Amino acid sequence: AAINPGNSGGPLLDSAGRLIGVNTAIISGTGTSVGIGFAVPVDIVNRVVPALIRDGRVPRPGIGITVAPDELAARLGVNGLVVAQVLPNSPAARAGLHGLSPTTRQLADIITHVGDVPTPTLSAFANAIERTGIGNKATLGVLRDGRTRTVQVDIIDVGR
């Protein structure tokens, strides 16, 4: 849908008048409403807004890792998340996950699954741990040194 300047935050409606998203931005080479418009899907709005109203913030599920960009994993031929860093005292550290070696930059752990769900991208991983939920345990499929193993890791609110 065309998004004109000033439309950010406005409703995105379908042809029946139902809310399907909230307009956020447009990429336009000309500076007009011609380009690619973006909107936050209504499912995300319905999840985020009540938490914002109730708590003033939105919980962010995580396990205490940073990951290499998806593009790097693709260039390396890796089908999963390359763990770049494991934060000290995090659930990932307690589960024994390892990040890239700071000196050799050698690969350590690659997260391939959350439960039975493949996680080839950060987006897929984030969706899978969000579905599992803060306060629950996730079973991760982890590839290290050519061997696959599973680890249990707690999901916490990393935004606190």
Side-chain angles (χ1 to χ4, degrees), residues 1-76 78-93 95 97 99-100 109-142 151-160:
I3 299 178
N4 295 310
N7 285 150
S8 295
L12 178 61
L13 308 173
D14 67 9
S15 61
R18 295 176 295 221
L19 179 69
I20 59 171
V22 175
N23 296 317
T24 57
I26 187 168
I27 295 178
S28 172
T30 64
T32 65
S33 61
V34 177
I36 301 172
F38 296 91
V40 176
V42 72
D43 292 344
I44 293 174
V45 173
N46 286 337
R47 181 178 51 80
V48 168
V49 169
L52 281 173
I53 292 169
R54 183 183 62 245
D55 305 325
R57 61 179 296 279
V58 177
R60 292 187 359 237
I63 61 171
I65 61 172
T66 59
V67 299
D70 293 339
E71 296 78 17
L72 174 64
R75 279 198 311 270
L76 295 172
V78 171
N79 191 17
L81 286 185
V82 175
V83 178
Q85 181 182 20
V86 177
L87 303 177
N89 302 315
S90 67
L97 292 179
L100 292 169
D109 289 337
I110 299 165
I111 300 173
T112 59
H113 289 78
V114 174
D116 294 331
V117 178
T119 55
T121 64
L122 179 56
S123 177
F125 176 77
N127 288 336
I129 65 168
E130 185 170 317
R131 280 192 302 275
T132 303
I134 293 171
N136 295 314
K137 287 189 180 292
T139 302
L140 305 182
V142 177
V151 295
Q152 293 282 314
V153 63
D154 294 315
I155 299 176
I156 61 169
D157 182 354
V158 295
R160 289 199 175 241

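Just so you know, these numbers come straight off a predicted model, no measurement behind them.
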(request) Ignoring hydrogens and angles, tell me if any N or O in the side chain of N23 forms a donor-acceptor pair with the backbone of P11 under 3.5 Å. (result)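 Looks like yes, one N/O pair under 3.5 Å.
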(message) Determine whether a donor-acceptor pair (N or O, by modelled atom type, separation under 3.5 Å) exists between the side chain of D70 and the backbone of L122.
(response)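 It does hold such a pair.
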Could you tell me the separation between the [atom1] atom of [X] and the [atom2] atom of [Y], rounded to the nearest 0.5 Å?
X    : Y    : atom1 : atom2 : result
T132 : L140 : OG1   : CG    : 9.0 Å
L87  : I65  : CG    : CD1   : 8.5 Å
I63  : I156 : CD1   : CD1   : 9.5 Å

How would you list, by chain and number, every residue that makes a side-chain contact (heavy atoms from CB on, under 4.5 Å) with [X], sequence neighbours excluded?
X    : result
D14  : A16, R18, I20
V78  : A73, L76, V82, L107, I110
P120 : N79, P118, A124
D157 : R57, P59, R60, I134, R160

(request) Please identify each residue that fulfils side-chain hydrogen bond (donor to acceptor under 3.5 Å, both in side chains) with R131, with sequence neighbours left out. (result)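 Scan of R131 (side-chain hydrogen bond (donor to acceptor under 3.5 Å, both in side chains), adjacent residues dropped) gives none.
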(message) When you compare the side chain of L13 with that of L19, does any pair of heavy atoms fall below 4.5 Å?
(response)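 Side chain of L19 against side chain of L13, heavy atoms only: contact under 4.5 Å found.
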(message) Can you pull out every side chain to side chain donor-acceptor pair (under 3.5 Å) where at least one residue sits in residues 112-130? Sequence neighbours excluded, please.
(response)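 As it turns out, the side chain to side chain donor-acceptor pair (under 3.5 Å) pairs with a partner in residues 112-130, which skip direct neighbours, are R47-E130.
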(request) Inspect the surroundings of CG in N89 and state if more than 12 heavy atoms from other residues, nucleotides or ligands are less than 6.0 Å away. (result)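 No.
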(request) Grab the two heavy atoms, one from I155 and one from P61, that are nearest each other, plus how far apart they are. (result)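 Taking I155 first and P61 second, the nearest heavy atoms are CG2-CB, 3.7 Å.
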(request) Using the side-chain contact (heavy atoms from CB on, under 4.5 Å) rule, pick out the option among L100, D109, L97 that qualifies with V86. (result)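 Passing option: L97.
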